[in-house]
K.L.:
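I have a structure I would like to understand better, so I am pasting it below and will then ask my questions one at a time.
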Protein chains: 2
Amino acid sequence: MASMTTAAGRSLSHGRIDKRQAILAAAFTVFARRGYEQAGVQEVAEEAGVAKPTVYNHMSDKETLFRETLIETAESVAAENLAIIDRLRQPVEDLPAVLEDVAYRLLRTCCGERSRALRWLTYAQVARFPDLIEAVQSRTTSRIRDAFADRIAWLTMSGQLRPCDPTLAAEQLLALITGPLEGRGRLGTRKVTTAELRTVSDAAVVTFLRAYEADRA
Amino acid sequence: MASMTTAAGRSLSHGRIDKRQAILAAAFTVFARRGYEQAGVQEVAEEAGVAKPTVYNHMSDKETLFRETLIETAESVAAENLAIIDRLRQPVEDLPAVLEDVAYRLLRTCCGERSRALRWLTYAQVARFPDLIEAVQSRTTSRIRDAFADRIAWLTMSGQLRPCDPTLAAEQLLALITGPLEGRGRLGTRKVTTAELRTVSDAAVVTFLRAYEADRA
DNA sequence: ATCCTGTTGAACGCATGAGTTCAATTTGGC
DNA sequence: GCCAAATTGAACTCATGCGTTCAACAGGAT
């Protein structure tokens, strides 16, 4: 009877520190470093400070380990992004400034180690685990898009944005934020300067507002 | 001394049909189907209708085989996209209509088998071959962006678009075209309807023109 | 103290697949 | 027809790594 876990992730069997979390964290580190196939279960165990059979005590397979790791990371990344968008819940007086701030933070997160590695690992295993794309995106991109759409809907109702399809507007704003850097290979391996992030996110907001700002009458 | 090849890809040693091309084509098929690590050289050989040692006669490594395959495909995909953008070289009378046509074709290409597989394979092997991102993107995304920027510069000079940074505008237009479907996981495994492509590409052009069209005075 | 449960390290079996070897055969050029 | 280069199939070597086994061990509960 391997460790069943509560919603909080704490082990039920005895009060021991849950090694499950350590294993998942280590697994993500190693998978991100080497990729799925190149990563060895042995290496994950070492990174977690644990013996190999212990890993198999918690996860039946390398595949299971991979899936749980990606899901876990997806939830974490999503939470980070949703927190940023929540900035738009408080009433906004200076819309461009607030949007630029949100856009900048989102872009910074999307360029971060975790987000990049998550995207890579997910797409890398399309051939082997096609369902993972759906599993990860429904937890990240879709939720972020919907949260943004909610904020845009409110902004529209308060007259700060022109009437539009909020979901489409959210998709386009997100595309404007993350697209340019992707095209420059900067969501790839190269370093990104803070200035470049600001330039791109500001430009995204400017273009978005030109297209979606309510006519000033 | 294995076969040196001319620019046309024809084998110099005797007039034999160049098996190199067959091998590269088969390799892309197999890599796209299985991914780099899962694809076997044996399987590539079978797909190409060739014996395994023959593959090693043309490519020293599995790694070399992979690199050459990706580069070859990148050139091919780029050519396809550049041809679409060339549509903008002839003088345009109805800018929205032409842009929508170009956007739709680009999106259709980007959702195609070859493009998707190329992206996947490239990003999938970031951990092992980090330089491939640069190699592929410099042949595809960068060139497409630059070609688009050229057209946009001309359109600006002819007064059909407002003054802007053509490269940034190109990046943003491309982002608007391909971003939304990516967010929906539609550049993933799911099927995409023609209608959906049209909706997204039209919306991209509408938003782009709202932001970049010259003021009608 | 003594159970029970989970951990440890080391070794193992086993499958997979890269890259090679080689002798036999095909191919196209001359 | 003849040669040289390329191709073929089969078998082989060798490294890698998953998943398992097991005997010894640790640590909390009663």
Side-chain angles (χ1 to χ4, degrees), chain A residues 1-6 9-27 30-31 33-69 124-125 127-129, chain B residues 1-6 9-27 29-31 33-69 121 124-125 127-129:
Chain A
M1 192 81 347
S3 64
M4 301 290 296
T5 58
T6 68
R10 199 97 160 48
S11 175
L12 288 182
S13 53
H14 304 97
R16 291 204 195 157
I17 308 147
D18 207 2
K19 306 210 161 171
R20 186 191 165 87
Q21 286 305 109
I23 291 172
L24 286 179
V30 175
F31 282 137
R33 183 162 57 220
R34 304 250 191 261
Y36 174 72
E37 327 256 7
Q38 281 295 302
V41 177
Q42 182 71 253
E43 192 181 357
V44 171
E46 284 164 10
E47 180 84 23
V50 143
K52 185 161 72 143
T54 304
V55 174
Y56 283 100
N57 266 1
H58 292 263
M59 313 288 180
S60 57
D61 266 314
K62 188 186 180 185
E63 174 175 341
T64 304
L65 176 60
F66 185 65
R67 301 188 104 95
E68 305 255 353
T69 301
Q125 298 306 319
R128 210 199 265 251
F129 314 125
Chain B
M1 196 74 352
S3 64
M4 300 292 295
T5 58
T6 68
R10 200 100 159 46
S11 174
L12 288 182
S13 52
H14 306 95
R16 291 204 194 157
I17 308 145
D18 208 2
K19 307 211 160 170
R20 186 191 166 89
Q21 286 305 111
I23 290 172
L24 286 178
T29 302
V30 174
F31 282 137
R33 182 161 58 218
R34 303 250 191 262
Y36 175 71
E37 328 255 7
Q38 282 294 302
V41 177
Q42 182 72 253
E43 193 180 356
V44 172
E46 283 164 10
E47 180 84 23
V50 143
K52 185 160 72 143
T54 303
V55 174
Y56 283 100
N57 265 1
H58 292 263
M59 312 287 179
S60 58
D61 266 314
K62 187 186 181 185
E63 174 176 341
T64 303
L65 175 61
F66 186 65
R67 301 188 103 97
E68 305 255 353
T69 301
L121 287 171
Q125 297 306 319
R128 209 198 267 251
F129 314 125

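Side chains included, hydrogens not; waters and symmetry mates left out as well; all remaining heavy atoms used. Proteins get letters first, then strands, A, B, ... in listed order; numbering begins at 1 in each.
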K.L.:
Just compare dG19(C), dC18(D), dT7(D) and give me whichever is closest to any side-chain atom of T54(B).
P.N.:
dT7(D)
K.L.:
Is the NZ or CZ atom of R128(B) both under 6.0 Å from the centre of the six-membered ring of Y36(B) and within 45° of that ring's axis?
P.N.:
no
K.L.:
To the nearest Å, give me how far apart CD (Q38(A)) and P (dG17(D)) are.
P.N.:
7 Å
K.L.:
Return the value, rounded to whole Å, for the distance between atom CD1 of I23(A) and atom C1' of dT7(C).
P.N.:
11 Å
K.L.:
Of the non-hydrogen atoms in I23(B) and T54(B), which two are nearest, and what is the gap between them?
P.N.:
CD1-O, 4.2 Å
K.L.:
Return the orientation label for the F31(A) and F66(A) ring planes: parallel under 30°, perpendicular over 60°, tilted otherwise.
P.N.:
perpendicular
K.L.:
Can you tell me the distance, in whole Å, between the NZ atom of K62(A) and the C1' atom of dA15(C)?
P.N.:
14 Å
K.L.:
Closest approach of R33(A) and A127(B), non-hydrogen atoms and distance?
P.N.:
O-CB, 3.5 Å
K.L.:
Return the minimal non-hydrogen interatomic distance between V44(B) and A26(B), and the atom names on each side.
P.N.:
O-CB, 3.8 Å
K.L.:
Atom pairs, N/O to N/O, protein against nucleotides 10-16 of chain D, distance under 3.5 Å?
P.N.:
none

K.L.:
Calculate the interatomic distance between N57(A) atom CG and dC22(D) atom C1'; express it in whole Å.
P.N.:
13 Å
K.L.:
Would you indicate whether the side-chain heavy atoms of K52(A) and E46(A) approach each other to under 4.5 Å?
P.N.:
no
K.L.:
Categorize A39(B) for me: base, sugar-phosphate, or nothing, with a 4.0 angstrom heavy-atom threshold over every strand shown.
P.N.:
sugar-phosphate
